[in-house]
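Notes to accompany the following structure.
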Amino acid sequence: MKPERQKEVDHQLQIKNNCCQVVLGSFCEDFGFSPEQLLPLAGGMGGGMSLGEKCGAVTAMILIAGLAFGPFDGADTKKKNELKAMVQKLNRRFEEAFGSSQCRTLLGNIGQNKYDLSLVKEQGKRPCAIFMEKACEILEEELGI
């Protein structure tokens, strides 16, 4: 991950934003937004949309993909299909890394010590920082930003 993005992720983690806000906040400036403009949209997305469902880091990847593909007419089937394909690719890459994109499953796997958390523990970060950081890496690679 780019050093400046890692710095923003660390800042968002420090101020205790949820997983979606951390990832979204680290990409705001890439699209000409400030965190203050976009983070309220992600307020209810932490904790798998407060339901233990889709991981907030993955939800943020989907939102950022939407920003990257920009506004388009809903009738633009080509652009719509390109975005759908990218969303599926982002989700697939995340699931390949962690085995799931469901919040409650990911947190359960943390509880069962299924991930190497040594680095995040050493850095004093909460365990799910590994998901947020991986989401940022995937976005940088897939979107070229």
Side-chain angles (χ1 to χ4, degrees), residues 1-107 109-110 115-145:
M1 177 182 348
K2 294 178 182 176
E4 61 274 10
R5 190 161 337 271
Q6 182 67 61
K7 184 178 176 184
E8 184 58 30
V9 166
D10 291 342
H11 169 71
Q12 294 294 328
L13 284 166
Q14 254 183 340
I15 60 174
K16 309 259 190 252
N17 279 336
N18 71 44
C19 298
C20 188
Q21 289 173 314
V22 169
V23 175
L24 184 60
S26 71
F27 283 87
C28 288
E29 292 182 8
D30 291 281
F31 298 97
F33 294 99
S34 70
E36 295 77 21
Q37 290 173 302
L38 291 185
L39 294 190
L41 295 171
M45 298 296 186
M49 294 175 269
S50 303
L51 302 167
E53 295 299 332
K54 185 66 79 178
C55 170
V58 177
T59 305
M61 288 198 302
I62 294 166
L63 293 170
I64 293 163
L67 288 171
F69 279 78
F72 58 88
D73 183 330
D76 186 343
T77 307
K78 182 177 186 270
K79 192 89 166 179
K80 191 184 295 187
N81 288 336
E82 288 172 355
L83 175 58
K84 285 180 182 180
M86 178 56 68
V87 166
Q88 291 168 357
K89 186 175 192 178
L90 295 169
N91 190 75
R92 182 175 56 252
R93 286 204 50 201
F94 187 90
E95 288 184 349
E96 286 169 358
F98 299 111
S100 180
S101 61
Q102 184 185 50
C103 180
R104 77 173 70 91
T105 301
L106 295 167
L107 293 177
N109 288 343
I110 285 174
Y115 310 120
D116 178 7
L117 301 176
S118 56
L119 186 58
V120 294
K121 286 181 180 178
E122 180 182 307
Q123 296 171 342
K125 297 176 186 175
R126 63 185 190 246
C128 48
I130 61 169
F131 308 132
M132 295 172 249
E133 291 174 350
K134 185 63 169 180
C136 291
E137 290 172 14
I138 292 168
L139 281 165
E140 284 182 348
E141 292 167 11
E142 294 299 333
L143 299 179
I145 52 178

Nearest heavy-atom neighbours spanning [X] and [Y]:
X: Cys136; Y: Val9; answer: SG-CG2, 3.7 Å
X: Pro127; Y: Leu117; answer: O-CD2, 3.8 Å
X: Phe27; Y: Phe31; answer: O-CD1, 3.4 Å
X: Arg126; Y: Cys19; answer: NH2-N, 4.0 Å
X: Gly25; Y: Pro35; answer: O-CG, 4.3 Å
X: Val22; Y: Asn17; answer: CG2-O, 3.6 Å

At what distance, to the nearest 0.5 angstrom, does [atom1] of [X] lie from [atom2] of [Y]?
X: Leu41; Y: Leu24; atom1: CG; atom2: CG; answer: 7.5 Å
X: Ser101; Y: Arg92; atom1: OG; atom2: CZ; answer: 12.0 Å
X: Arg5; Y: Leu139; atom1: CZ; atom2: CG; answer: 8.0 Å
X: Ser118; Y: Gln123; atom1: OG; atom2: CD; answer: 9.5 Å
X: Gln12; Y: Cys28; atom1: CD; atom2: SG; answer: 7.5 Å
X: Ile62; Y: Met45; atom1: CD1; atom2: CE; answer: 9.0 Å

Salt bridge (Lys or Arg N to Asp or Glu O under 4.0 Å) with Glu82: which of Lys78, Lys84, Lys80, Lys79? Lys78
Mind checking what makes ring pair (Phe, Tyr, Trp, His ring centres under 6.0 Å) contact with Phe94, not counting sequence neighbours? Phe98
A side-chain contact here means heavy atoms from C-beta on lying under 4.5 Å apart; do [X] and [Y] qualify?
X: Lys54; Y: Gln102; result: no
X: Ile110; Y: Phe131; result: yes
X: Leu90; Y: Val58; result: no

Got a donor-acceptor contact below 3.5 angstrom from the [X] side chain to the [Y] backbone?
X: Ser50; Y: Gly47; answer: no
X: Gln21; Y: Ala42; answer: no
X: Glu142; Y: Lys89; answer: no

Could you verify whether a donor N or O on one side chain and an acceptor N or O on the other, from Gln14 and Asp10, lie under 3.5 Å apart? no
If we count only N and O atoms by modelled type, under 3.5 Å, do the side chains of Glu36 and Ser34 hold a donor and an acceptor together? yes
Derivation of the side chain to side chain contact (heavy atoms under 4.5 Å, CB included) call for Leu67 and Leu38: CA-CA 11 Å; Leu67 288 171; Leu38 291 185; 4.0 Å; yes
Walk me through whether Cys20 and Leu63 qualify under side chain to side chain contact (heavy atoms under 4.5 Å, CB included). CA-CA 9 Å; Cys20 188; Leu63 293 170; 4.0 Å; yes
Carefully, step by step, assess Arg93 and Glu141 under the rule side chain to side chain contact (heavy atoms under 4.5 Å, CB included). CA-CA 11 Å; Arg93 286 204 50 201; Glu141 292 167 11; 2.4 Å; yes
What salt bridge (charged side-chain N to carboxylate O under 4.0 Å, His left out) pairs are there with at least one residue in residues 127-139, not counting sequence neighbours? Lys125-Glu133, Lys134-Glu137
If you count the non-hydrogen atoms of other residues, nucleotides and ligands that lie under 6.0 Å from CD in Glu95, is the total more than 12? yes
